Amino acid sequence: MSLAKRNDGCYECRMRRVRCDKTEPECFKCQKKGIKCSGQGIECRFSKHMKRKQAANSASTILAGGTGASTSSKPTKRFQFVNVENGQDGTFSTTPAQETAASYPEPSSSTSLVLASRRRGPELVRDRQGKPPQSQRGVVSFSSPHAAMEIVPPKSRMLFDHFSNFIASKMVVLDFNGNGYRQIVLPMAVQDDLVGQAVSVIAAFHLSQKVPSMHMAAEKGQELILSRLRHQSLNLEPQNLFSMSTWVTILVLLVGDTITGSNNYVYLLQLLSRLAQLAVKEPTLSEATKAFILEQTKMFQLFGFPLSSQSKGVETLTVSPDHYLDFMTSHPSLAMDPEPYANVMIMKDIIRQACYIYRSRASHEATRESSIEAVEKLRQTVIDMDPNVEGRHALVWAYFVASAESILPEHRDFFYNRLKGLFECTGFGSIPLALQTLDYIWSKQDSTNWTEIVTHERQILIM
């Protein structure tokens with residue numbers, strides 16, 4: 001991966017092949033077009049020059065924190081963490097991802113992202129001695145527009161590239177240049193050790209479905225990250241309640257839970273929500289960064305809380321689902337493209353219906369007749385949409401809810417098969433575990449509410 005200061009304008013103008021006026025912080029041409037300008041910054045390009053096998057074999061070092069520690073012994077899978085509601089220690093464990101056969105294309109040689117050099121929030125640099133500048137209120141910014149950037153070590157290039165190409169694109173409905181997982185998370189990963197290790201770990205978890213030998217190294221790295229987070233939480237100074245590095249690390253670990261099917265999310269989501277509340281009041285963050293924080297936090301709250309606790313699920317869904325659905329329309333040009341816009345509107349309606357189904361079941365208001373009617377209504381909405389439509393990965397949670405609620409065999413088969421199709425799209429390991437959970441739910445549906453099963457017996461972050 002190479003890093004260089006651009007002299008030919010912002011990334012957006014170059015993509016549109018127009019001459020950029022190079023105005024800071026946003027060029028006038030992007031402002032005129034209503035495009036979010038990335039500014040005059042340092043561009044980071046990943047190059048495909050390493051053999052995948054060699055990169056996979058060397059990944060264990062970066063996943064273990066760069067210490068070269070051996071990963072031959074199986075790590076302990078129980079960790080201690082702090083419950084943010086009462087300050088008491090709680091325990092949680094990881095669930096190994098299923099080693100399923102999934103195919104992923106080779107990393108692209110043209111993946112690029114702009115590391116903006118203006119002071120706009122979470123961007124990080126190191127000086128020429130490799131030392132990060134002092135942080136204020138947990139946020140580190142560029143020391144100067146021309147500050148030197150640290151080159152990403154070869155061992156982590158493949159993992160960062162995989163995160164950029166495959167994971168970042170699946171965490172937004174429609175991928176775009178301003179994707180916060182590339183513009184905010186990945187630049188932080190380049191410069192912040194904790195974030196960088198988290199990104200490497202979840203990329204390795206995703207790749208371990210194809211390269212099983214990477215799984216144990218990823219578990220070791222995850223254990224180290226959780227240990228560091230717990231240590232930080234126990235030694236937090238009052239003036240440093242918010243840390244952008246910590247929020248991003250927790251966000252990345254939550255993404256990892258959708259890949260592994262782990263139940264760490266039950267505790268991580270509480271921390272993410274608390275830090276998001278503090279971020280709104282953080283003066284050093286740009287409005288764009290705050291918008292990304294709130295958007296992603298609400299997305300995980302919508303899909304995560306109903307699977308962690310029935311009471312939290314009902315409380316979450318008492319609010320209109322639209323309160324949480326900003327992530328569905330984050331693409332800046334969506335409203336100007338009729339077909340994708342129409343598809344996203346249908347997907348939002350599908351999620352709204354799934355929210356209604358969950359709330360009715362968790363509140364014990366659903367009857368057999370109303371349940372069948374609600375599932376059929378959702379199925380009819382889904383039938384009108386192309387199964388391979390762009391952005392379909394946003395419907396994993398909705399399809400799971402509809403499947404779990406299904407009584408009729410034709411409804412079960414329909415949504416079960418849709419979920420299988422989404423696994424082919426994302427390769428996220430929580431989907432095979434969700435399919436196993438559905439078989440278990442259907443075997444006990446006459447005696448137990450499925451919302452009780454997913455919140456007590458089978459806690460999985462399905463999204």
Side-chain angles (χ1 to χ4, degrees), residues 1-6 11 41-69 71 103-116 122-126 128 130 132 147-171 175 177 179-218 220-222 224-225 245 248-249 252-253 255-256 259 427:
M1 187 183 78
S2 61
L3 298 150
K5 182 73 171 67
R6 297 294 310 192
Y11 180 73
I42 298 172
E43 187 170 85
C44 168
R45 290 187 179 275
F46 293 94
S47 57
K48 189 183 76 175
H49 65 277
M50 299 186 304
K51 292 182 179 179
R52 178 175 291 271
K53 181 178 179 180
Q54 182 181 14
N57 290 337
S58 63
S60 60
T61 301
I62 187 67
L63 295 175
T67 61
T71 58
S103 299
Y104 308 110
E106 294 290 322
S108 170
S109 60
S110 60
T111 301
S112 65
L113 54 137
V114 175
L115 308 181
E123 298 86 348
L124 305 172
V125 295
R126 294 176 185 267
R128 294 187 183 276
M149 296 290 292
E150 178 185 63
I151 301 300
V152 174
K155 294 175 183 177
S156 59
R157 290 175 190 168
M158 181 270 291
L159 296 172
F160 282 20
D161 186 52
H162 186 78
F163 178 89
S164 177
N165 284 328
F166 298 101
I167 297 174
S169 62
K170 294 301 184 289
M171 295 311 298
D175 201 6
N177 291 335
N179 184 335
Y181 284 91
R182 296 196 190 96
Q183 293 292 333
I184 296 176
V185 174
L186 198 52
M188 285 195 71
V190 171
Q191 299 297 329
D192 184 280
D193 291 338
L194 187 62
V195 177
Q197 192 174 348
V199 168
S200 298
V201 161
I202 71 161
F205 273 131
H206 195 245
L207 282 166
S208 68
Q209 297 175 55
K210 191 175 183 181
V211 188
S213 60
M214 298 179 72
H215 189 87
M216 187 167 290
K220 180 75 172 180
Q222 182 188 53
L224 292 173
I225 296 168
S245 172
V248 171
T249 300
V252 172
L253 291 177
V255 174
I259 294 172

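Only a predicted model underlies this, so the values are computations on that prediction, with no experimental measurement involved.
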| query | Taking atom NZ of Lys210 and atom NE2 of His162, what is their separation to the nearest 0.5 Å? | reply |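 One gets 9.5 Å once the value is rounded to the nearest 0.5 Å.
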| request: First locate atom CE of Met188, then atom CD of Gln183, and finally report the distance between them rounded to the nearest 0.5 Å. | output: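 Met188 atom CE to Gln183 atom CD measures 14.0 Å (nearest 0.5 Å).
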Over all atoms of both residues, closest heavy-atom pair of [X] and [Y]:
{"X": "Leu207", "Y": "Met158", "answer": "CD1-SD, 3.4 Å"}
{"X": "Asn179", "Y": "Asp175", "answer": "ND2-OD1, 3.0 Å"}
{"X": "Leu186", "Y": "Ser164", "answer": "CD2-CB, 3.8 Å"}
{"X": "Ser245", "Y": "Thr249", "answer": "O-OG1, 2.7 Å"}
{"X": "Ile202", "Y": "Ile259", "answer": "O-CD1, 3.9 Å"}
{"X": "Pro187", "Y": "Arg182", "answer": "CD-O, 2.6 Å"}

| task | Report the residues that fulfil ring-ring contact (aromatic ring centres under 6.0 Å, His included) with Tyr181, sequence neighbours left out, ordered by chain and then residue number. | result |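 Only Phe292 meet the ring-ring contact (aromatic ring centres under 6.0 Å, His included) criterion with Tyr181.
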| query | Who are the side-chain contact (heavy atoms from CB on, under 4.5 Å) partners of Asn177, not counting sequence neighbours? | reply |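 Residues passing side-chain contact (heavy atoms from CB on, under 4.5 Å) with Asn177: Tyr11, Glu12, Met15.
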| Verdict with supporting geometry, Leu159 and Met214, side chain to side chain contact (heavy atoms under 4.5 Å, CB included) | CA-CA 11 Å; Leu159 296 172; Met214 298 179 72; 3.7 Å; yes
| task | For Ser208 and Phe205, indicate whether the former's side chain and the latter's backbone hold a donor-acceptor pair under 3.5 Å. | result |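 Here the side-chain-to-backbone pair exists.
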